Amino acid sequence: MKPNQLAINEEAVFKSKQVRLIDITPLHGYENNVKTSQIGYNMVCLAEANGFEKVTVKLEGLSNLPITPEQLASSKEPVYVNFIEFSAKYYFSNRSQSWELTCKASKVQLVKPVQNT
């Protein structure tokens with residue numbers, strides 16, 4: 001079995017039910033290797049329980065963001081989210097000549113952080 005044949009869930013990627021959102025950037029479509037209009041958002045997350053890895057989750061569609069990039073940037077407290085219909089898989093990148101992870105979700109929700117006791 002090859003890595004790109006494995007389905008990976010949110011908890012396997014983040015090793016936690018709370019995912020820290022650190023940035024929101026535009027997701028653009030491409031046609032014939034040419035960037036087109038914005039089709040969604042890249043939700044840049046920090047996997048705090050998984051070695052503080054940065055993971056980008058693609059969210060297609062331009063509506064239903066629970067927080068704007070401006071609100072996130074001005075937040076004094078960490079912002080935590082979870083994803084609806086999250087999926088991830090590995091693909092072999094010709095650019096880097098290694099296996100890389102791609103993640104996507106249909107929706108994102110804000111959550112209150114769970115306190116470690």
Side-chain angles (χ1 to χ4, degrees):
M1 181 178 290
K2 294 181 182 177
N4 62 340
Q5 295 173 320
L6 299 172
I8 305 166
N9 65 21
E10 185 175 358
E11 192 145 347
V13 172
F14 295 106
K15 296 194 183 336
S16 176
K17 292 187 180 195
Q18 60 183 23
V19 178
R20 186 171 176 182
L21 182 62
I22 58 173
D23 199 7
I24 302 171
T25 62
L27 172 64
H28 293 276
Y30 285 85
E31 283 185 25
N32 300 320
N33 293 327
V34 176
K35 185 167 37 172
T36 61
S37 61
Q38 183 178 353
I39 60 169
Y41 298 95
N42 290 308
M43 310 301 283
V44 183
C45 302
L46 189 63
E48 294 176 322
N50 195 6
F52 291 92
E53 289 280 335
K54 272 188 179 177
V55 178
T56 300
V57 180
K58 295 176 185 174
L59 185 66
E60 291 188 5
L62 296 173
S63 61
N64 297 330
L65 273 186
I67 186 169
T68 66
E70 297 78 21
Q71 290 170 323
L72 178 62
S74 67
S75 176
K76 305 241 186 289
E77 297 292 324
V79 174
Y80 291 91
V81 297
N82 67 9
F83 295 99
I84 308 300
E85 295 178 9
F86 176 91
S87 65
K89 66 178 183 173
Y90 283 99
Y91 68 96
F92 189 80
S93 170
N94 290 326
R95 180 184 49 79
S96 68
Q97 291 297 299
S98 64
W99 288 97
E100 296 187 10
L101 185 68
T102 182
C103 304
K104 66 180 181 177
S106 65
K107 192 174 180 183
V108 62
Q109 296 176 322
L110 291 178
V111 296
K112 293 188 189 296
V114 176
Q115 299 298 321
N116 294 331
T117 56

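None of the values given here were measured: they were computed from a predicted structure.
- Taking 4.5 Å as the limit, some side-chain heavy atom of E10 sits within range of a side-chain heavy atom of V19.
- Taking all atoms of both residues into account, the shortest heavy-atom contact from E100 to S96 is OE2-OG, 2.6 Å.
- The two residues K89 and I8 make their nearest non-hydrogen contact at CA-CD1, 4.2 Å.
- Smallest separation of non-hydrogen atoms from L62 and G40: CD2-N, 3.5 Å.
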May I have the step-by-step check of side-chain contact (heavy atoms from CB on, under 4.5 Å) for H28 and T36, ending in yes or no? CA-CA 6 Å; H28 293 276; T36 61; 5.6 Å; no
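- Counting heavy atoms of neighbouring residues, nucleotides and ligands inside a 6.0 Å radius, atom CD of E60 does not exceed 12 of them.
- Applying the side chain to side chain donor-acceptor pair (under 3.5 Å) test to Q97 and every residue at least two apart in sequence or in another chain returns nothing.
- Criterion: ILVMFWY side-chain heavy atoms under 4.5 Å apart, direct or through other members. Under it, L65 and I67 are part of a common hydrophobic cluster.
- By the criterion of side-chain heavy atoms lying less than 4.5 angstrom apart, applied directly or through intervening Ile, Leu, Val, Met, Phe, Trp or Tyr residues, V81 is grouped together with L101 in one hydrophobic cluster.
- The line from CG of L72 to CE of M43 is 8.0 Å long, rounded to the nearest 0.5 Å.
- With W99 as reference, F92 is the one residue of F92, Y91, Y90 to meet the ring pair (Phe, Tyr, Trp, His ring centres under 6.0 Å) rule.
- Following chains of ILVMFWY side-chain contacts shorter than 4.5 Å, one can reach F86 starting from L110, so the two form part of one hydrophobic cluster.
- Taken from NZ in K104 to CG in L27, the straight-line distance is 11.5 Å, to the nearest 0.5 Å.
- Note that CZ of F14 is 11.0 Å distant from CG of N9, once rounded to the nearest 0.5 Å.
- S37 meets the side chain to side chain contact (heavy atoms under 4.5 Å, CB included) test with no other residue; sequence neighbours excluded.
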I'd like to know whether C103 forms a side-chain contact (heavy atoms from CB on, under 4.5 Å) with F83, so could you lay out the CA-CA distance, the side-chain angles of the two residues, the decisive distance to 0.1 Å, and finally the verdict. CA-CA 11 Å; C103 304; F83 295 99; over 6 Å; no
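- Put simply, CD1 on I22 and SG on C45 are 7.5 Å apart, with the number rounded to the nearest 0.5 Å.
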Side-chain donor-acceptor contacts of residues 46-59 below 3.5 Å, not counting sequence neighbours, with atom names and distances?
from: E48; atom 1: OE1; to: Y80; atom 2: OH; distance (Å): 3.0
from: E48; atom 1: OE2; to: R20; atom 2: NH1; distance (Å): 3.4
from: E48; atom 1: OE2; to: Y80; atom 2: OH; distance (Å): 3.3
from: N50; atom 1: ND2; to: V13; atom 2: O; distance (Å): 2.8

